[in-house]
Amino acid sequence: MHAAPQHAPRRAAHTRSRVRRGSRFRSAAVTGLILTGATVLGIAGAGGTYALLSARAETAGATVTAGTLDLRVDGQAAAALGTLPVTPATPVARAFTVTSIGDVPSRLSASVSATTAQEITANAQVRITPVTSAAACAPGLSGPLAALNGYAAPSLGRIEAGAQRTFCLEVRLNPGTPVAQSGQGIGFTMNITATQEAS
């Protein structure tokens, strides 16, 4: 009658020890599997039983095809805008076209940077505006004017593959441009950039 109670606690302690060792083993296995990103750990009821659940889903194959993306400005890879005779009283507008000769749609942006260090450069402003045709290009269109050197137009809109769009470049001088700067010339480069867009 008294012997059984003495052995029962030892058996119980032995059982708990095995459960703890098993838990440590399972935890180590779970840690290793979680690193693969394909295992879900769940706890099934009381008593610390661990269930390892994994799932896999397959998708249909896909084909990746390289496209082409290239632009022409006024029909050329690099076009000259010519001489723009600007005064503080007479801004000048010049239309130009951008043609996509690639086979993917893209988003256009533009930047302008001065290539000369004339004092008059600090008084020059530009803006680039999308227009429906060359005839619609004129000074005073909407859009913000900004300093010529460092000008950026980050969003000139979308151009489809094989399509052509027309833009208006306006160049003007600040009204307070000093008379001493009369006759100075400003050299600048305008870059048109196309960034591929998902079709």
Side-chain angles (χ1 to χ4, degrees), residues 59-178 180-199:
T59 61
T63 302
V64 177
T65 304
T68 60
L69 181 60
D70 202 358
L71 298 177
R72 292 290 182 268
V73 176
D74 287 346
Q76 303 174 58
L81 297 175
T83 301
L84 305 177
V86 182
T87 72
T90 56
V92 172
R94 161 78 155 78
F96 63 94
T97 60
V98 175
T99 306
S100 170
I101 61 170
D103 57 14
V104 294
S106 59
R107 286 274 170 185
L108 297 176
S109 60
S111 62
V112 178
S113 57
T115 58
T116 57
Q118 300 279 29
E119 292 179 358
I120 198 172
T121 303
N123 288 294
Q125 294 181 317
V126 298
R127 70 175 146 212
I128 299 174
T129 308
V131 290
T132 55
S133 66
C137 179
L141 295 176
S142 62
L145 281 163
L148 179 147
N149 193 28
Y151 174 87
S155 180
L156 290 176
R158 177 184 171 106
I159 186 169
E160 300 293 339
Q164 182 179 90
R165 296 194 57 195
T166 304
F167 297 90
C168 185
L169 169 68
E170 181 180 348
V171 182
R172 64 172 60 226
L173 293 174
N174 290 325
T177 302
Q181 295 177 6
S182 177
Q184 292 184 7
I186 306 168
F188 66 89
T189 300
M190 179 178 65
N191 291 308
I192 305 295
T193 303
T195 303
Q196 182 178 347
E197 186 178 69
S199 56

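We count residues from 1, following the sequence as given.
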Once you round to the nearest 0.5 Å, how far does [atom1] of [X] lie from [atom2] of [Y]?
X: D70; Y: S100; atom1: CG; atom2: OG; value: 8.0 Å
X: N149; Y: T115; atom1: CG; atom2: OG1; value: 9.0 Å
X: T90; Y: L84; atom1: OG1; atom2: CG; value: 11.0 Å
X: N191; Y: T193; atom1: CG; atom2: OG1; value: 6.0 Å
X: L148; Y: R172; atom1: CG; atom2: CZ; value: 13.0 Å
X: I101; Y: L71; atom1: CD1; atom2: CG; value: 8.0 Å

Any heavy-atom pair between the side chains of [Y] and [X] that's under 4.5 Å?
X: N123; Y: P178; value: yes
X: T166; Y: S133; value: no
X: F188; Y: T121; value: no
X: Y151; Y: R127; value: yes

| query | Which residue pairs pass the ring pair (Phe, Tyr, Trp, His ring centres under 6.0 Å) test when at least one of the two sits in residues 67-97, sequence neighbours left out? | reply | F96-F167

Of all the heavy-atom pairs spanning [X] and [Y], show the shortest one and how long it is.
X: V98; Y: I159; value: O-CD1, 3.5 Å
X: L81; Y: R94; value: O-NE, 3.3 Å
X: I186; Y: A124; value: CD1-CB, 3.6 Å
X: A194; Y: L69; value: O-CD2, 3.7 Å
X: R165; Y: L156; value: NH1-O, 2.8 Å
X: T177; Y: N174; value: OG1-O, 2.6 Å

| request: For the pair Q184 (side chain) and I120 (backbone), establish whether a donor and an acceptor sit closer than 3.5 Å, ignoring hydrogens and angles. | output: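 The answer is yes, because a donor-acceptor pair under 3.5 Å joins these two groups.
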
| query | For Q164 and R72, what are the C-alpha separation, side-chain angles and deciding distance, and is it a side-chain contact (heavy atoms from CB on, under 4.5 Å)? | reply | CA-CA 9 Å; Q164 182 179 90; R72 292 290 182 268; over 6 Å; no

| query | Around E119, counting heavy atoms of other residues, nucleotides and ligands shown, do more than 12 lie under 6.0 Å from its CD? | reply |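 Count not over threshold, so no.
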
| field | Step-by-step side-chain contact (heavy atoms from CB on, under 4.5 Å) determination, L173 to Q181 | value | CA-CA 11 Å; L173 293 174; Q181 295 177 6; over 6 Å; no

